[in-house]
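As the structure is a computational prediction, the values presented were derived from the model and not from experiment. Each chain gets a letter, A, B and so on, in the order its sequence line appears, and its residues count up from 1.
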2 protein chains.
Amino acid sequence: MRDGVLGIQQPRRRGLTDEVAEGIRHAIFDGSFEMGEHLNEVDIAERLEVSRGPVREALVQLRQEGIVTMKWHRGAHIVQFSAKDVRELASLRTVLEVFAIREAAVSATETDLDQMNQVLTAMSRALADESDHAMIQLDVQFHDSLYRAAHHDRLWNAWSSIRSQVMLSLLVKRHTFNEYYRDRVIAEHRDLLQVVAARDPEACERAVREHLAATYERLVSRFRSTDEETAESTDR
Amino acid sequence: MRDGVLGIQQPRRRGLTDEVAEGIRHAIFDGSFEMGEHLNEVDIAERLEVSRGPVREALVQLRQEGIVTMKWHRGAHIVQFSAKDVRELASLRTVLEVFAIREAAVSATETDLDQMNQVLTAMSRALADESDHAMIQLDVQFHDSLYRAAHHDRLWNAWSSIRSQVMLSLLVKRHTFNEYYRDRVIAEHRDLLQVVAARDPEACERAVREHLAATYERLVSRFRSTDEETAESTDR
DNA sequence: GCATTGCAAGTTGTTGACATTCGGAACCTT
DNA sequence: AAGGTTCCGAATGTCAACAACTTGCAATGC
């Protein structure tokens, strides 16, 4: 946020709560937990060498991000997305992102555009590595920079509260994205950057709608429509 | 949610965290705290007769709701809205609520419409009492029922994360709303209900845009703008 | 056998004590 | 007296123990 006088990034002091939240988030994205798995507070606390206090506070945060659910005296579980959930993510995200890109078209600075561009070049590099995980991360990162370019704190918060869900829903089905990512991601995102740079609100809205429709059309079908159906045999 | 077999409303068990969060929220809305005031954890804990643990967890929740800010080792403060904040609330809320009412127009049930109607009648009663506080509460409550009619969990969460801010920004300037509330609230909200009931998406969108524009046009001017904002702002 | 009841183990919820950090008052230096 | 430094009080951050709750299992009764 504020760099020191010497341009040195002064160590941002933050509590264990945030560290733990990031740790758990990272673990979830890395696939260290199964979908629906129970998160044991003492396990996490011991593994991160912290007490349970910060862990609990972190879980409250993650609940707000929608990637864990909590019930009274029943602890936290990783969410399990149904097709309905993904459809909700798609529709809400479209609404937010159309708004975001229209705002960005008006108030994006050169710096903002640069950052979007940097993500694009990072994508090109990642394409060679064929790492789906890295690519998805960059995908989300690009949209981060788009939202940031809108310069709208509360819009950013709204995005933050579904961001982790978006990331998780993509990661879970990452293997179905191979061809898509190889063929179209970079082009589509470059289009987004261009319409923003061109300051054309209408083109912006069209580009976002197409981009998200294309992404989610294939994604939704990968999730089960009823989560009542169950249940693979118990793994214990 | 699920009533017992005997129709007995089983007491919804919830932790102290939620109770405390609601307590603090209530206190803030009641004006028990000044804007920007520091929230002392031990004071709150003692006053509510709980330990600091639940209080801290509750504050994390309230931070997510945007009505308190927290900094490392500096605790929690009530937010202070600037004109920019209120403008952000207005624009984001418009985006969300347009989406909400269009969804509601499609998927609202009779029960949903009934609940909206109930709030309307409660408003009529409150109008006589001339209690601004009660009226604002009902105003927000009406919009609650609108969002609920959309049957979209993530949209509801997005609304929840600005709801408290909306409520607070209205309450802080409640004295400027006398005439408006007396004259137009009920009519405008009844319009909203009618267009939803008519299942007319376009009329819905128009009604919401007008309603919110009217509300925020007068509200924004009541908040003072920050220095930097006036310095670099370009009107549009 | 099947359902019910009581127990026990394990997990979460809560608490009070301890450690760390911030901000300001008092003090020294110039 | 102005400016900087040191120290202390007060609040927050963290921890480990205690209490409450849920759940699965086994014993009991039918």
Using a strict cut-off of less than 4.0 Å between a Lys/Arg side-chain nitrogen and an Asp/Glu carboxylate oxygen, indicate whether B/Glu65 and B/Arg163 qualify as a salt bridge. no
May I ask you to verify if any side-chain N or O of B/His38 is less than 4.0 angstrom from the OP1 or OP2 atom of D/dT12? yes
Under 4.0 angstrom, heavy atoms only, what part of the nucleic acid is B/Gly75 near: base, sugar-phosphate, or nothing? sugar-phosphate
Spacing of B/His73 atom NE2 relative to D/dT12 atom P, expressed in whole Å: 10 Å
Ranking A/Trp72 and B/Val42 by the position along DNA chain D of their nearest nucleotide, the one closer to 5' is B/Val42
Starting from P on C/dT15, measure out to CG on B/Leu48 and report it in whole angstrom. 11 Å
Rounded at 0.5 Å granularity, tell me how far CD in B/Glu97 sits from CZ in B/Arg102. 14.0 Å
Pairwise distance CZ(A/Arg148) to CG(A/Leu155) - rounded to 0.5 angstrom: 12.5 Å
If you look at every strand shown and take non-hydrogen atoms under 4.0 Å, does B/Leu59 touch a base, only sugar-phosphate, or nothing? nothing
Any idea which of D/dT12, C/dT15, C/dT12 is nearest the B/Asn40 side chain? D/dT12
As a test of reading the structure: which of C/dT14, C/dT11, C/dT21 is closest to the side chain of B/Thr17, going by heavy atoms? C/dT14
Within this structure, what is the CD-to-C1' distance between A/Glu57 and C/dT12, rounded to whole angstrom? 15 Å
Under-4.0 Å side-chain N/O to phosphate OP1/OP2 contact, A/Arg52 with D/dT14: no
Tell me: CZ of A/Arg56 to P of D/dT14, nearest whole Å? 15 Å
Salt bridge or not for A/Glu57 and A/Arg52, using N-O below 4.0 Å? no
Nearest-Å distance, NZ (B/Lys71) to P (C/dT20)? 24 Å
Expressed as a whole number of angstroms, how long is the span from A/Glu37:CD to C/dT11:P? 13 Å
Side chain of A/Pro54 (C-beta onward), nearest among C/dT21, D/dC15, C/dT12: D/dC15
Proximal nucleotide (of C/dG13, D/dG13, C/dG16) relative to the B/Glu41 side chain: D/dG13
Between C1' on C/dC22 and CE on B/Met70, what's the gap in Å once rounded to a whole number? 15 Å
Go through it in stages, so that I can follow the logic: the residues are B/Phe29 and B/His133, the test is ring-ring contact (aromatic ring centres under 6.0 Å, His included), and I'd like the CA-CA distance, side-chain angles, deciding distance and then a yes or no. CA-CA 9 Å; B/Phe29 292 158; B/His133 191 105; 7.7 Å; no
Among D/dC15, C/dT21, C/dT15, the one nearest B/Leu16 by side-chain distance: C/dT15
Is any side-chain N or O of B/Arg74 closer than 4.0 Å to OP1 or OP2 of C/dG23? yes
I need the CG-P distance between A/Leu39 and C/dG13, as an integer number of Å. 12 Å
